[in-house]
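Please read the structure below before turning to the comments.
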Amino acid sequence: MNSLKGKGAVVTGAASGIGWAIAAGFVEAGASVLLCDLNANALDAVARELGEHAVGRVTDVSDESQVEGAMRTAREAFGSLDIVVNCAGFGAIAPLTELTGDKWNSVQAVTLGGVFYGVKHAARQMLEQGRPGVIINISSVNGRQPGEGQVAYCAAKAGVDMITRCGALELGGRGIRVVGIAPGLVETPLTRKELEDPAKRELFLNIIPMKRAIEAKEIAAAAVFLASDNARSINGDTIAIDGGSLTCGYPALLTGLKSA
Ligand code: NAP
């Protein structure tokens, strides 16, 4: 049993998809969770659903002062900050030669920069309080696997994996583990629209040996384990939960549908 009883946690991107599932998994395992996301109404709805051990806070992870405020608030509200999951992120699909600088910057600001701020300010609170902690960064198979039309996302996620390794190296000796999860295809609001297109769905499922998408609750189960003492020797690694898709190529999102 992976118990998180009495732990204080922050989850970013918690109003939807994988972040929502992780927050639910943490509450079920006994933690109290500060849910951070952009949309106040969506946060309220999730907090209500998760009950008294979840509270929402509007936070833009690309704004350092907002991230710092969220980490401090969680520590004050729960008595300690023990677990932080940096989950908020998105990509942009465009040919490399067409991708605008603005799009590139917005992906890096949230998907990479938000993780840097999350690790930095989680670690500061954890060091100040003098208790061990765990930081989990949500990466992607695209941190290792290039995707056609996905240069901004792939570069950001590769950067997330390196933040995880650098964090583990610098903080491991001070009681803080930094680990990552690299999901494959998970059916969430982020991917649902793409997957509603039967041709695209087939393209994606073809590169997953198990021929199915991952459920968000499977990512949550891994996060609960990684946050627990059962994973106390796992540090610096990013674990793929992808149905085996890293054994294959990535779907050709720009050219693969030309004949469809
Ligand atoms: P999702 O359903 O879109 O959830 C992401 C949440 O993050 C949304 O509520 C979004 O709010 C929020 N968000 C966006 N920008 C933010 C910001 N600046 N500050 C705070 N919150 C922000 O996506 P998901 O599929 O659960 O993905 C979650 C993470 O898993 C991402 O890092 C993604 O790259 C990664 N991942 C997903 C998959 C997959 O197949 N789904 C695979 C690999 C990795 P709005 O909706 O209001 O923008």
Side-chain angles (χ1 to χ4, degrees), residues 10-25 34-47 56-71 84-93 105-118 121 136-145 147 150 152-161 163-164 180-195 200-201 203-205 207-208 212-220 222-223 238-243 245-246 250-251 253:
V10 167
V11 178
T12 73
S16 176
I18 293 170
W20 179 90
I22 291 173
L34 187 72
L35 315 159
C36 297
D37 210 299
L38 293 174
N39 182 312
N41 291 335
L43 276 172
D44 282 349
V46 173
R57 180 183 168 103
V58 174
T59 311
D60 178 348
V61 299
S62 67
D63 180 326
E64 181 167 9
S65 64
Q66 292 188 36
V67 175
E68 200 258 337
M71 301 300 167
V84 169
V85 179
N86 295 304
C87 183
F90 56 81
I93 294 180
N105 287 337
S106 73
V107 172
Q108 304 314 319
V110 174
T111 308
L112 180 61
V115 172
F116 165 61
Y117 294 144
H121 290 288
I136 302 173
N137 297 327
I138 303 303
S139 178
S140 163
V141 289
N142 288 123
R144 303 173 212 177
Q145 175 76 65
Q150 298 217 74
Y153 186 68
C154 293
K157 292 298 191 183
V160 167
D161 291 351
I163 292 174
T164 299
I181 296 175
L185 177 66
V186 185
E187 207 151 348
T188 69
L190 186 75
T191 51
R192 199 156 290 142
K193 202 158 163 271
E194 299 272 323
L195 293 173
K200 279 196 184 163
R201 191 176 187 92
L203 207 59
F204 271 108
L205 293 188
I207 57 99
I208 304 173
R212 65 166 177 84
I214 314 295
E215 289 180 61
K217 68 179 182 197
E218 297 178 74
I219 308 297
T238 292
I239 295 171
I241 301 176
D242 68 335
S245 67
L246 276 171
Y250 202 73
L253 289 179

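Atoms within a ligand are numbered from 1 in the order they appear, just like the ligands themselves.
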With [X], which residues qualify under side chain to side chain contact (heavy atoms under 4.5 Å, CB included), at least two apart?
X      : value
Ser16  : Pro189
Ala222 : Ile181, Ile241
Ala92  : Leu99, Lys103, Val107

- Item | Pairwise distance CG(Leu203) to OH(Tyr250) - rounded to 0.5 angstrom | 9.5 Å
- Approximate separation, where rounding is to 0.5 Å, of Leu185 CG and Ser245 OG: 8.0 Å
- Message: With a 4.0 Å cut-off on N to O distance, would you call Glu187 and Arg201 a salt bridge?
- Response: yes
- Note on the structure: Pocket residues around ligand 1 (non-hydrogen, under 4.0 Å) come out as Gly13, Ser16, Gly17, Ile18, Asp37, Leu38, Thr59, Asp60, Val61, Cys87, Ala88, Gly89, Phe90, Val110, Ile138, Ser139, Ser140, Tyr153, Lys157, Pro183, Gly184, Leu185, Val186, Thr188, Pro189, Leu190, Thr191
